[in-house]
2 protein chains.
Amino acid sequence: MDTPFRKIGSDKLLSGKIEESIELAIRRRDYKAGEKLPTEGQLCDLFGVSRTVVREALRKLSARGLVVIKQGSGAYVNELSSESAIDSINLFLELTDDGSLIFDIIRARQLFEPEIAGLAALNRTVAELEELAENLEALKASPPEDIDGQTIIDIRFHSLIASATHNNVVALLMRPIFDNMPKVKRSIYAKNNLGYLTHDISKVLKFHEEIFEAIKKADPREASHAMLAHLKATEKNFKDSLE
Amino acid sequence: MDTPFRKIGSDKLLSGKIEESIELAIRRRDYKAGEKLPTEGQLCDLFGVSRTVVREALRKLSARGLVVIKQGSGAYVNELSSESAIDSINLFLELTDDGSLIFDIIRARQLFEPEIAGLAALNRTVAELEELAENLEALKASPPEDIDGQTIIDIRFHSLIASATHNNVVALLMRPIFDNMPKVKRSIYAKNNLGYLTHDISKVLKFHEEIFEAIKKADPREASHAMLAHLKATEKNFKDSLE
DNA sequence: AAATTGCGATTTGTCATACAACATTACCTT
DNA sequence: AAGGTAATGTTGTATGACAAATCGCAATTT
């Protein structure tokens, strides 16, 4: 039953208020990345609370990746990496997976990656082409039985293309998808394990090379088509493994 | 001086180890959503550490959205909502924005949303069509000067379509993009404020209706095209505001 | 019997103090 | 001046105490 009365000072916990306060200061750039925050003692004085409260506030901020705490030294504003944000997403996907995650990942890649490859074909620099070429060589050189290693190289190939769009939002949002590729791979090889291996790295390599050539030629349509073909093949591989 | 050897048991801090341990238990589903964790006192005994440490571990977990702590009651495994994960992403985007965020958002939408609309056209249910229809009515009924209100309805329209793909990954990853739409809107109206308003809700409505009709007809190609036209118009609107 | 109230026990929130572990600085020795 | 060492500062952990919120159960009221 709802009453007309609602909570007022939402965050009644002191550690919560102080967390907010420090977070705000960081968002306002009062403290920039790498800078040292006041010591626990100073924060106690500033806020007029006990060290317990300050420490718990700092702990929460560190858990969210906003600050790093170094024993004996102090608390510093984190050079914000995307890792903690990505981790949050991945944790959520893992915990809410009702079994559809793998298929959703496969489908999402088909939706997004062709377009990404197309944009990358337009925006890529020569340095990025170089990195892609190196990646192809690495895949060629990898031992045929080292599936995990190949997966890492595979992920990097697709990540490089996402980065080559020069769109930070795109590159960031694709990360959770790429992070889940090993799970997809594992699910494929878990089914037909040891016996007959459908895995054929030369096929993957061929697709990668086609995509690379299209991006090199700055041909978005062809890049997009090549990417879609690649992902369709991956999906077929996955579906075949379900029997 | 760095040695080539690094710590193995990475988290040397007790609170970190205990955080990990509890997190693992949650990931393993030893404690399911809504369930109550042992009390602080019990955890102290279990791990053989002080309450300080246990409390800081719980605080970190709560900051990451894995548990909720209720004073006088206990710590419970959180009904995991996507909010904290999304917040992390949004915070990261905000803090690392070098000025390109708004443009990246606009571009990312053009990459992703046409495909999404296409998939939604194939997978939408009648209930979802109903919700979209209601949303169109809401937009029609909104006061012309209530731009913030219209933005909320606009966001919901696009969110509904993303959900109608029935792909959790897609719906989740689009959230940070939608959350930033108000920022884009504000940047448009900040430029030509008060004077001549380029804002014309009837245009938006027309696009939305086209998209809706295509999705209703289960025509992915048309849905995709309509969505792209909509987003191109939005981009033009944005670019016009830059002069 | 059902609902409400009140009280005690449990649990989390905050404070204070003390000491350990680590980092930084200043000083001293060479 | 260079290098090592002690002093100092800062974070990590432990303990004890009490406040504040919640919960469970019995007593009371209706």
Side-chain angles (χ1 to χ4, degrees), chain A residues 1-3 5-22 25-26 31 34-79, chain B residues 1-3 5-22 25-26 31 34-79:
Chain A
M1 182 62 100
D2 265 40
T3 80
F5 303 110
R6 296 243 128 272
K7 290 270 188 344
I8 354 181
S10 53
D11 237 332
K12 20 189 198 176
L13 261 54
L14 288 180
S15 59
K17 289 189 202 167
I18 290 171
E19 178 194 8
E20 255 184 44
S21 180
I22 298 177
I26 295 176
Y31 294 95
E35 273 185 61
K36 186 171 183 288
L37 292 175
T39 66
E40 292 180 358
Q42 291 168 330
L43 289 172
C44 291
D45 295 341
L46 284 172
F47 292 109
V49 297
S50 75
R51 218 183 131 203
T52 311
V53 171
V54 167
R55 283 185 59 78
E56 292 185 357
L58 289 175
R59 274 283 170 311
K60 293 215 265 182
L61 290 169
S62 88
R64 297 170 51 202
L66 273 120
V67 308
V68 237
I69 305 174
K70 294 180 186 170
Q71 180 171 358
S73 177
Y76 301 82
V77 178
N78 199 357
E79 299 287 349
Chain B
M1 186 58 103
D2 267 38
T3 79
F5 304 109
R6 294 247 130 268
K7 292 278 190 326
I8 331 185
S10 52
D11 247 327
K12 27 187 197 175
L13 262 53
L14 288 180
S15 59
K17 288 190 203 169
I18 290 170
E19 178 193 7
E20 255 184 44
S21 181
I22 297 176
I26 295 176
Y31 294 96
E35 272 186 60
K36 187 171 182 289
L37 293 175
T39 67
E40 292 180 357
Q42 291 169 330
L43 289 171
C44 291
D45 294 340
L46 284 171
F47 292 109
V49 297
S50 74
R51 214 182 135 204
T52 311
V53 171
V54 167
R55 283 185 58 79
E56 291 184 358
L58 288 175
R59 276 271 133 41
K60 293 214 267 182
L61 290 169
S62 88
R64 296 170 50 203
L66 273 124
V67 308
V68 248
I69 306 175
K70 294 179 187 170
Q71 179 171 357
S73 177
Y76 301 81
V77 177
N78 199 358
E79 297 290 347

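Only this structure's heavy atoms are used, side chains among them; waters, hydrogens and symmetry mates stay out. Reminder, nothing fancy here: chain letters follow the sequence lines and each chain counts from 1.
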**Q.** Protein-nucleotide distance (B:Y76, atom OH; C:dT12, atom C1'), rounded to Å
**A.** 11 Å

Q: Could you state the atom-to-atom distance from CG of A:L13 to C1' of C:dT12 in whole Å?
A: 9 Å

Q.
Can you measure A:D45 atom CG to C:dA16 atom P for me and round it to whole angstrom units?
A. 11 Å

Q: Would you grab the first and last nucleotide of DNA chain D (5' to 3') that comes under 4.0 Å of any non-hydrogen atom in chain B?
A: D:dG12 to D:dC23

Q: Figure out the CD/C1' separation between A:E40 and C:dA18, and round it to whole Å.
A: 15 Å

Q: Quick one: label B:T52 by what it contacts on the DNA or RNA (base, sugar-phosphate, nothing), any heavy atom closer than 4.0 Å.
A: base

**Q.** N/O donor-acceptor pair under 3.5 Å between B:S21 side chain and B:I18 backbone
**A.** no

Q.
Measure CZ/A:F47 against P/C:dC15 and give the value in whole Å, please.
A. 13 Å

Q: Would you give the length of the straight line joining atom CZ of A:R59 to atom CZ of A:R64, rounded to the nearest 0.5 angstrom?
A: 15.0 Å

Q) Can you tell me if A:N78 uses its side chain to pair, donor with acceptor, with the backbone of A:G65 under 3.5 Å? A) yes

Q) If you find the nucleotide of DNA chain D closest to A:G41 and the one closest to B:S50, which residue's nucleotide is nearer the 5' end? A) A:G41

Q.
Once rounded to the nearest 0.5 Å, what's the spacing between atom CZ of A:R55 and atom CZ of B:R55?
A. 12.5 Å

Q: Kindly indicate whether the side chain of B:R59 and the base of C:dG13 share any N or O donor-acceptor pair separated by less than 3.5 Å?
A: no

Q. Is it the case that more than 12 heavy atoms not belonging to A:K70 sit under 6.0 Å from its NZ atom?
A. no

Q. Is a donor on one side and an acceptor on the other found under 3.5 Å between the side chain of A:E56 and the backbone of A:V53?
A. no

Q: Starting from C1' on C:dA23, measure out to NZ on A:K36 and report it in whole angstrom.
A: 10 Å

**Q.** Side-chain heavy-atom pair B:E35, B:Y76 within 4.5 angstrom cut-off
**A.** no

Q) What is the distance from CZ of A:R55 to P of C:dT17, rounded to the nearest Å? A) 17 Å

Q.
I need the CD-C1' distance between A:Q71 and C:dA20, as an integer number of Å.
A. 9 Å

